[in-house]
Amino acid sequence: MANTLFVRPETLTPDPFHYCPGCGHGIIHRLVAEVIDELGVRETTIGVASVGCSVLAYKYFNFDMQQAAHGRAPAVATGIKRVLPDRVVFTYQGDGDLASIGLAEIVHAAARGEKITVIFVNNANYGMTGGQMAPTTLPGQKTTTSPAGRSVDQAGYPIRVSEMLATLDGPAYIARVSIHNPPQIFKAKKAIRKAFETQLRGTGFTLVEVLSSCPTNWGMKPAEAFSWLEKNMLPYFPLGEYKAASGVSQDD
Amino acid sequence: MANTLFVRPETLTPDPFHYCPGCGHGIIHRLVAEVIDELGVRETTIGVASVGCSVLAYKYFNFDMQQAAHGRAPAVATGIKRVLPDRVVFTYQGDGDLASIGLAEIVHAAARGEKITVIFVNNANYGMTGGQMAPTTLPGQKTTTSPAGRSVDQAGYPIRVSEMLATLDGPAYIARVSIHNPPQIFKAKKAIRKAFETQLRGTGFTLVEVLSSCPTNWGMKPAEAFSWLEKNMLPYFPLGEYKAASGVSQDD
Amino acid sequence: MTEKIIIAGFGGQGVLFTGQLLAYAGMMEGKHVSWIPSYGAEMRGGTAHCAVTIADEEISSPLVEEPGTVFVFNLPSLLKFAPRLKPGGMLLINSSLVKQEVKRNDLRIYSVPANQIAEKIKSAQLANLVMLGAYLKLTGVVSFHSVAASLEKTLPARRRHLLPYNRQALEEGMRLFGEPN
Amino acid sequence: MTEKIIIAGFGGQGVLFTGQLLAYAGMMEGKHVSWIPSYGAEMRGGTAHCAVTIADEEISSPLVEEPGTVFVFNLPSLLKFAPRLKPGGMLLINSSLVKQEVKRNDLRIYSVPANQIAEKIKSAQLANLVMLGAYLKLTGVVSFHSVAASLEKTLPARRRHLLPYNRQALEEGMRLFGEPN
Amino acid sequence: MKILMKGNEAIGEAAVLAGCRYFFGYPITPQTELLEYLSRRLPEAGGVFLQAESEIAAINMVYGAAGAGARVMTSSSGPGLSLKQEGISFLAAAELPCVIVNVMRGGPGLGGIQPSQADYFQATRGGGHGDYRLPVLAPACVQEMVDLTVRAFTLADQYRTPVMILADGLLGQMMEPVELPAAPVNELPAKPWATTGCKGRQKNIINTLYLNPEELEAVNQRLQEKFAAITKKEARAEEYLVENADIIVVAFGIVARIAKEAVKVAHAQGIRAGLVRPVTLWPFPEKILAAAAARAKAVLTVEMNAGQMIEDVRLAVGNERVHFYGRMGGMVPTSKAILEQIRKIGGIVRGKYAVRPA
Amino acid sequence: MKILMKGNEAIGEAAVLAGCRYFFGYPITPQTELLEYLSRRLPEAGGVFLQAESEIAAINMVYGAAGAGARVMTSSSGPGLSLKQEGISFLAAAELPCVIVNVMRGGPGLGGIQPSQADYFQATRGGGHGDYRLPVLAPACVQEMVDLTVRAFTLADQYRTPVMILADGLLGQMMEPVELPAAPVNELPAKPWATTGCKGRQKNIINTLYLNPEELEAVNQRLQEKFAAITKKEARAEEYLVENADIIVVAFGIVARIAKEAVKVAHAQGIRAGLVRPVTLWPFPEKILAAAAARAKAVLTVEMNAGQMIEDVRLAVGNERVHFYGRMGGMVPTSKAILEQIRKIGGIVRGKYAVRPA
Amino acid sequence: MARAGKVKIDRERCKGCALCSAFCPKKIIKPSGDVNSFGYHPAEVRDLKNCTGCGICALVCPDVAIIITRKEEAA
Amino acid sequence: MARAGKVKIDRERCKGCALCSAFCPKKIIKPSGDVNSFGYHPAEVRDLKNCTGCGICALVCPDVAIIITRKEEAA
Ligand SMILES: Cc1ncc(C[n+]2csc(CCOP(=O)(O)OP(=O)(O)O)c2C)c(N)n1
Ligand SMILES: Cc1ncc(C[n+]2csc(CCOP(=O)(O)OP(=O)(O)O)c2C)c(N)n1
Ligand code: SF4
Ligand code: SF4
Ligand code: SF4
Ligand code: SF4
Ligand code: SF4
Ligand code: SF4
Ligand SMILES: [Mg+2]
Ligand SMILES: [Mg+2]
């Protein structure tokens, strides 16, 4: 161990990911697994996979998992956490899942201060179903259901989930991070760790929004996709901590 | 007319309201009707009644109305407005309807900048079904499903809808008003008028949150209920304009 | 014995509670009982009623299609339920509130100035118990003691201090048609 | 005549488009046609295929349960579909990519070095059309002209400039088994 | 000792006594008292009552809690049940035990709040997508609200399936004396499949996704075998005067009691009527009904709907001889009206009667 | 002139030609191409495509738009349809014309994305609450995806009812040549009941709430009369070789075409098999089937599910003689397997056969 | 010159909620002793000549039971 | 004293996304010419001796195809 700089986290099963080449989901899975490893809570963690490209997350994480209906992961996690309040419970959700069909569930879990952690992967489209518009799709962005580019007049504006949830009293920790380059990946991991630590302290609802890429549906090479993310998504979705309850320092 | 200080608005049918004595819904109905009268749009207005005590609103307003499923009025209104973009379309919704079951629909209608007006009656409980806890029920408030008072630990915190929706780019006008005394009733009417005017200008989504009372389920006399509202709801739900797009002046 | 009763009035006149008391007392006496309330929208501002069955044998249908007894506490209830009474049935009218004449002549009709009596005791809120007392005396379907015991079991804590007044109202109701017992 | 064909390979090798071209050409010749793609998860990273039927009479079942012809563009497709070919069926192998021997000896097997040929023309992306050309020449199920016309109709605008290369790839495929026509 | 309870509250109390400690629900008339009761009772019992933001959230909380190994319940009425259909399909697919209560009201749409039985199809045919069924128990009195609630939890765990209690507004609102179970359930059956943290074992997964159709077919086959076993073993019905009956009345829930009154009176009038009351709607007691009807000349189905159970009756006894009487929209059939139907079918002529097939 | 189209896209184009200018939907495999197609096509046609935040929002947008007098459509698959059930019950109750498409995939739960017919019960029995039915049309080829979509809009307006197109992933994904309707619909039937603003008339109300049960019963009675009229007039089926058939195969949608192949081959082998393909699943063409089956010795129902339409088959032809063959979870029955079933029922012995009832 | 109003309360619409009484600056509205046909004690203006026609009672009335017509008077 | 790492890329796990190549500060990772059994061109470290063991390639690899073991060296 002392001799190893980088190994596969114990919390990941050996199964290879089914994600497309260069997809951000793989990086984010690994970060979550590393944090669970570091906190030593693998055996007391229950994850909830949502419907989206990461629907098979239950295959990749090496702990108990439930697979939830589209958008309902926060409700499923609530059911689990209420029965097992001393376990670590988290959901892993895409932007279609969380911000579109599942919006009521995420807001209410947050408002209730449900003591769970939400890993929210914002890749500005519906990856799994082939690149349709998401609530996070940027104005002008082309998708298969906004073929002329998202028209704010017809399809409205993207939702800033972190800012929106930060208006509530239930959340203890909310941050938006990105994985478009190595320093950001480091920061993303820190935020994920903080969220889980906050859950362990039982102070409230925690969520980390991770800006990610979908090279396949964006029609870009993976590295290009990260540049696009940086250039286009960051201005609309500013990074930072939107909520950190007492006991959780802002940007430590 | 010149001789009349106060008459029943033309936009109200002669049907007596079914509301309990002293219920705020009656006042709010009248304010909406007066505004529609004043704007002269009765014949081009389509209202959407939601499920709650005001489910029968379609009987009282003297214009075309649809009655929507619980929580879905914003979606129904969207359907209408997309077909008839030059009509005035509004929803009338309670806090259970809008902030609980219908949360996804209201947020998305707001994010889309749907050019409708929402009259959102916040009476801190589910009136129609007999006084259960609502997402707007205050911490400690007793209801039939929070018999020991709302415990924030178990049931979470109230949602501040206006503040939350104001984080979105779609809304053109969002205000919170109250009707607990005559000056506030005047202000409430002004805000409602502004919302409809904004809709007529087509600049985006508009919503007026009206703090109201439910004397029956609060177990208070109507005047007492208004005092309780003032003392307990105002601190949690501050009045004011939360969003006013250019062309709509703040507090005119 | 199968006794089918309807108790009807404005919401707030205690009609649902009166029926519950009766059912509870029947149960305490080992009888089969059922109690069906009107519910929902009808209750806001409008009229409420309940249907009680008390029987020696198992109750197949708990519906009260043709009541043997009807209590009425307001005019709409009289108009609605008097026609449904079975021939020879008993109609108990709170005559403090309902003045109208009844057209049918195949009924046993008793007028109880329940509000007046109740107000004398303490408040009009007790009128329902005056009516119930009258019914007890007139029929003996359940005993005063069972009803009194039921009151003790069912009165919510915050109204417990009213127990003596409740008993008194029952007794005054009985007294209209004989000695309370 | 009822011709049932399966075209299979990695996603991105143009297998679905090849089938569409064939179906389109059949339709232009007044034949009955149907085209069924594999869809969904199978496509991400995995193998894609389509099933085409071309017939003179109405097609009752569009399923290709026992193909008469299979095009394979990668090894997994060979393993999956070669066993399903009906006895005497035709197996067209892109031999630039698939090296494995086929066990069955009741088939007509044709090896087409499609990638090599395609790369010579312009790029490996044209391999599917080389294969299709070979098929056209070998079977005559539809004519070169119909396929060429279909190409013109179906090629998306942004790839329109590739039309000459596409035609050339078809022709080179045909040339393997005779003169293009 | 008996206590006088409202049907809705009786379900709540029975659930607690059956070891249920988690309830997730959303108010709707006429079942709201069940929530209100449990909002007081569950915290007392060390459990959790949570008013969900919607019926959809509630059913998915049930999914999570059931997957975590708890005994858990939700309840609603018509419109709310419709919203739960996706979740119910997921619960059935994931084989998660739980109890779902529908206290029916008049539909369709927002409809009304008076009693109805118009959700029979939804309950018995799976209003959700895909091939699944779930046991549906139909109480006819408040005592059965208790007994069948307890039974529902047992069946749920035994077969790893959601179980539905299908009642109606009248049963939910009425009061009757009930005997509560003497011995409350304190220990739940072991659930080694539950997701409780993988300490000391391989990880558990609760899942309904099978992208490979062969696998999904195998899962479905396993489900179908379970459904066949339940069909074989769990069908129940009450029979009343069916021996030598010329006319069999079939009705469930509160309607069956009203029909029983009619059957009684018919007997007193010399008409040989009998009653079959399905207690399980799925599995439908077709054998019991077929046997009872074998000797009868006509079958009369009575429902508070436009005729839904009648399809199961026809599937059990054939298409001939089956008559229907129903009321809709919250109207409750009276025993008088049912008696009239019996007499009509019986073709009464001055005290004598001849039963004619329809 | 024919054009080659995907089933999903064919529905989209047909809708536009039928005068539909509004679509509200949410992506789900295997119907997403329908959304994608209309997201391009509708703006061209001066209409509105809106991707809703969920299936629930979509169906309620349909409610609003239909109430405003438009021709409007939504589409989804299994789980999404389950979520729409409350809305469908409302649409049926409010008598709002619209078209709802279900391109079925394997269930229950999240299931898979391969073709299935396991939502038959949901579609034909009303997965939503309350007494309602809606016409369910089952295309078997891409041409019918077009024709029945056009028909669906006509029926919807004629009867003021939602109409469902029940297809499956195979039909949605496959391409076949289609002939589009020569004359697109440009003028819609008058809808004096629509809420369009009350200028020059009394106000209109779209509503499903009737707190008074007498009123709600009357509304239900009116609905039932409409359903009876539809049942009487609108049942359709395709018959193939049913004259003198000993075995009637019953199948719908894509399965019927596969079964047709099997029936053809059976004939060639000297087995007198015939096919009845219900084109309307509700109303179920029971008269047509009963007539065809009257002369047959056995009936074989083939479905891509565990046996759902078979209940309608049994209700039409009686419980005896009805056999079943089904595949589940996205598996598609082959014509070979169906032929084998036909031969088994036929009891083939060296070229001869005797049909025995089950 | 003050403007007085003529306040009319519709007995059958009034539900006796007493909001008008509570907010009338002149405190001249009181519940009446008898009941209307819905069982409510309707409000009554007891001292009409003191009414300023300010309209507050109508403004707060949830049942639109009050209408006010203007009559101008010298102060 | 710099820390060099031993970088190992799992050919069968690698999907040839080239993120490692893009972010390697030493630009020593390149796609290989041949394909793995999934049809991808796996990444290869071309110039291992220039590798600093910084770990960036592993950090950005979405398929956890890279592991790095440490070897300490004098600069
Ligand atoms: C009720 C329901 N509706 C729709 C779908 C189809 N569906 C599957 S994944 C998905 C979108 C997922 O997008 P997102 O959450 O952004 O995840 P990503 O794939 O982008 O990671 C949709 C719409 C479904 N499975 N269930
Ligand atoms: C799907 C569905 N769930 C539940 C209900 C029952 N219900 C009717 S009104 C209501 C609450 C209304 O409360 P609110 O919106 O606050 O309105 P208020 O009565 O307080 O004005 C509920 C839960 C319903 N009709 N439909
Ligand atoms: S579709 Fe997009 S989000 Fe999904 S696996 Fe591929 S790249 Fe990742
Ligand atoms: S219950 Fe409350 S909100 Fe409803 S009418 Fe009565 S007072 Fe008003
Ligand atoms: S108008 Fe003003 S002064 Fe006159 S009664 Fe009304 S509130 Fe009082
Ligand atoms: S405010 Fe209106 S309803 Fe209330 S007491 Fe006064 S007049 Fe009557
Ligand atoms: S460890 Fe650093 S230097 Fe070495 S290959 Fe990886 S990124 Fe390049
Ligand atoms: S980042 Fe990983 S998957 Fe991508 S090319 Fe490098 S090693 Fe391969
Ligand atoms: Mg996404
Ligand atoms: Mg409310």
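So you know, we letter chains A, B, ... as the sequences are listed, proteins then strands, and number each from 1.
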Q: Mark yes when over 12 heavy atoms from residues, nucleotides or ligands other than E:Q202 sit less than 6.0 Å from its CD; otherwise mark no.
A: no
(Q) Using only atom types and a distance under 3.5 Å, with no angle test, would you say the side chain of E:Q31 pairs donor to acceptor with the backbone of E:I28? (A) yes
Q.
What verdict does the side-chain hydrogen bond (donor to acceptor under 3.5 Å, both in side chains) test give for E:Q51 and E:Y26, after you've listed the backbone C-alpha separation in whole Å, the side-chain angles of each residue and the deciding distance to 0.1 Å?
A. CA-CA 6 Å; E:Q51 183 176 315; E:Y26 188 78; over 6 Å; no
Q. Hey, which of A:L56, A:N62, A:V107, A:T13 has the most heavy atom pairs under 4.5 Å with chain E?
A. A:N62
**Q.** Side-chain donor-acceptor pair present, A:T137, A:Y126, cut-off under 3.5 Å
**A.** no
Q.
Quick check with a 6.0 Å cut-off and a 45 degree axis cone: is E:R160 positioned over the face of E:W193's six-membered ring?
A. yes
Q: Please find out if less than 6.0 Å separates the ring center of A:H25 from that of A:Y60.
A: no
**Q.** Portion of E:R201 that has a non-hydrogen atom of chain A nearer than 4.5 angstrom
**A.** side chain
Q) When you check the side-chain N and O atoms of A:Q199 and A:T117, is any donor under 3.5 Å from an acceptor? A) yes
(Q) Does any part of the side chain of E:T74, heavy atoms only, come nearer than 4.5 Å to the side chain of E:C98, both counted from C-beta? (A) no
Q) Is it true that A:R72 and A:E105 make a salt bridge, defined as a side-chain N closer than 4.0 Å to a carboxylate O? A) yes
Q: Report the C-alpha separation of A:N123 and A:S212 in whole Å, then their side-chain angles, then the decisive distance to 0.1 Å, and conclude whether the side-chain hydrogen bond (donor to acceptor under 3.5 Å, both in side chains) test is met.
A: CA-CA 5 Å; A:N123 62 7; A:S212 183; 5.7 Å; no
Q) Who wins among E:A57, E:S54, E:C198 for the most heavy-atom pairs under 4.5 Å with chain A? A) E:C198
Q. Of the backbone (N, CA, C, O) and the side chain (C-beta and beyond), which part of E:I59 lies under 4.5 Å from a heavy atom of chain A, both, or neither?
A. neither
**Q.** Structural part of A:A69 lying under 4.5 Å from a heavy atom of chain E
**A.** both
Q: Might you work through the side-chain hydrogen bond (donor to acceptor under 3.5 Å, both in side chains) test for E:T29 and E:R105, ending with a clear yes or no?
A: CA-CA 8 Å; E:T29 312; E:R105 59 189 235 169; 5.2 Å; no
Q. Does any donor atom in the side chain of A:T129 or A:Q132 lie under 3.5 Å from an acceptor atom in the other side chain?
A. yes
(Q) Non-hydrogen contacts under 4.5 angstrom with chain E: give the residues of residues 42-51 of chain A involved, or none if there are none. (A) A:R42, A:E43, A:T44, A:T45, A:I46
Q. In terms of ring plane angle, is the pair A:H29 and A:Y19 parallel, tilted or perpendicular, where the classes change at 30° and 60°?
A. perpendicular
Q | Residue part contacting chain A, namely of E:A194, when any heavy atom lies under 4.5 Å | A | backbone
Q) Of the backbone (N, CA, C, O) and the side chain (C-beta and beyond), which part of E:Y63 lies under 4.5 Å from a heavy atom of chain A, both, or neither? A) both
Q: Mind ranking E:T196, E:V48, E:I205, E:T208 by heavy-atom pairs under 4.5 Å with chain A and telling me who comes out on top?
A: E:T196
Q: Under 4.5 Å, heavy atom to heavy atom: which of residues 80-94 of chain A reach chain E? Give them by number, or say none.
A: A:I80, A:R82, A:V83, A:L84, A:R87
